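All remarks here apply to the structure that follows.
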Amino acid sequence: MADGTLLSIGALFTVLHFITTFAKAFLPDEFSHACRRLGVRFYNAILSRALVYIVEEYEGANRNELYEAVELHLNDVAAAEARRLRLMQPKNATSLTYSLDDCEGVVDVFKGRKIWWDLFTIERKPSPSLSWDPPPQTSRFLNMRVHRRDRAMVMSEYLPYVLDNAKALKAKRRERKLYTNSSRNEWFNIRNKVWDSIPFKHPATFGTLALDPLLKQRIMDDLLDFKNGEQFYKDAGRAWKRGYLLYGPPGTGKSSMIASIANFLEYDVYDLELGEVKSNVNLKGLLLEISDKALVVIEDIDCSLDLSRTKKKDEEKKKSDSIKPPWAEKEDKPSEVTLSGVLNLIDGLWSSCGNERIFVFTTNHIEKLDEALIRSGRMDMHIHLSFCGFEAVKLLAKNYLKLENHFLFEEVQAVMQEDGVCMTPSDVYQQRRVRMMITYFTLIRDARTM
Ligand SMILES: Nc1ncnc2c1ncn2[C@@H]1O[C@H](COP(=O)(O)OP(=O)(O)OP(=O)(O)O)[C@@H](O)[C@H]1O
Ligand SMILES: [Mg+2]
């Protein structure tokens, strides 16, 4: 090739390079996006022998679940390859999420085959119906290109793999929540949201829970049986749910046990304030909004259910309500939830509307509870949490003081057995605060020898 020709090719590349650099630096993003859009269309229509699949973000007003799955699945590839990513920190979430930006593309590799994905944004027609949560005005779609020979593989292997992978990723990233039923004041609750939530971050686990080791193991085995028991419940024709009643004096770890169960099973926690629920009908409404894999908790059930409410009290209340402004009306009205409402919540026809749910009631006074409420089938396991045994004290010494062993341990054990020392785990914690647990043990010993 003549020198002149080489020179002119070199010059052409220099000019092209100059033009693209200039375009990138000075022309607006919209222009380069439009060029890329045209380029991909031109390539798809004329040059490529590829098959093209479109996955839109919305189907009418509904989000397309396949779109969400692909977006999740492509997260790691996008993080490694894409030049422009959309970063987000969803409300109350601790980790960032990211997705491809408009006109970005990545290549996914599955069983040695390449799959090209490009993301584009389009304007949506405004929705004619009014809604508090209208879908956004733009919609995104993912353009998937594969070689024609891979048509069968995409449908039978790749897309099912993407769906499974996204499901696993979603479960891994899912931030567990602690829910409480919203205020009954519907005047302000325009969206009719029945549960409010915050991220669930309680640190208690079965590892830190001071409890008789045998009882602890029995509870953990029972929970695992429940979690893995889908088929058993189906075969037995029973709703996939279980009830636990935790009872014992204050400070013996009932709330800590609930947190430990939630962390062990990785369930959300729904802390139900019965006093805030207006009626049995509202209770059903709440039940319908509870997700699967959930712990439904009613603490101090003996105090929550006011079965002593009389007609007279209700009439007096009605009179005083009539002079209040409308927004105060519902707030102060006493709850009309009845025992049968609660029984139906756990065991009625409606209790089968969800899967993998555990109901936990706590009380300091088991003797005050109605037999019907705690019979097996409703509360399947009754767990008595009481004063610390020696094993529990040892675990607390390990948790709080990092003490695996101590020369006073033997003596403490003897004292606890002989004198029946009644210490709740919460009492032990108070001693830890001033690093005095061991001093406390010493005091017990001295008291005995005096
Ligand atoms: N079994 C336990 N193991 C470890 N820590 C415990 C245990 N029981 C109680 N504690 C500690 O004592 C404190 C109170 O415990 P918790 O709130 O779980 O008791 P509770 O039985 O729910 O009390 P209440 O009946 O008053 O609601 C917490 O700080 C907790 O860490
Ligand atoms: Mg408690």
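All values below come from the heavy atoms of this structure, side chains included, with hydrogens, waters and symmetry mates left out. Note that the structure is predicted; figures quoted are calculated from it, not measured. Every number for a ligand or one of its atoms is a count from 1 in the order of the listing.
Using a 30° and 60° split on the angle between ring planes, Phe141 and Phe120 fall in the tilted class, from 30° to 60°. Ring-plane geometry between Tyr158 and Tyr161 is classed as tilted, the angle between the planes lying from 30 to 60 degrees on a 0 to 90 degree scale.
Of all heavy-atom pairs between Lys227 and Leu265, the closest is NZ-O, 3.0 Å.
The shortest N or O to N or O distance between Glu299 and ligand 1 is not under 3.5 Å. Of the polar atoms of Asp300, none of the N or O atoms is found under 3.5 Å from an N or O of ligand 1, judged by distance alone. When only interatomic distances are considered, the shortest N/O to N/O separation between Gly251 and ligand 1 falls below 3.5 Å.
The heavy atom nearest to atom 3 (N) of ligand 1, out of those in Gly253, Ser260, Ala210, Ser255, is found in Ala210.
Atoms of ligand 1 lying under 4.0 Å from at least one heavy atom of Thr208, given by number and element, are 3 (N), 4 (C). Residue Ser256 has at least one heavy-atom neighbour below 4.0 Å for each of these atoms of ligand 1: 15 (O), 16 (P), 18 (O), 30 (C). Each of the atoms 1 (N), 2 (C), 3 (N) of ligand 1 lies under 4.0 Å from some heavy atom of Leu209.
For Asn364, the heavy-atom gap to ligand 1 drops under 4.0 angstrom. Within the 4.0 Å heavy-atom shell around ligand 1 one does not find Leu246.
Formation of a donor-acceptor pair under 3.5 Å by the Asn143 side chain with backbone atoms of Asp118 is not found in this model. Side-chain atoms of Asp380 come within 3.5 Å of backbone atoms of Gly243 as a donor-acceptor pair (strictly under, hydrogens ignored).
Neither the backbone nor the side chain of Leu395 has a heavy atom within less than 4.0 Å of ligand 1.
Checking Glu56, Glu71, Glu68 one by one against Arg140, the salt bridge (charged side-chain N to carboxylate O under 4.0 Å, His left out) holds for a single residue, Glu71.
For the residue pair Tyr270 / Thr180, no side-chain donor-acceptor distance below 3.5 Å is found, with atom types taken as modelled.
With a cut-off of 2.8 Å, the Mg ion (ligand 2) has no N, O or S atom of Ser256 in range.
Taking the six-membered ring for Trp, Tyr179 and Phe200 have ring centres at least 6.0 Å apart.
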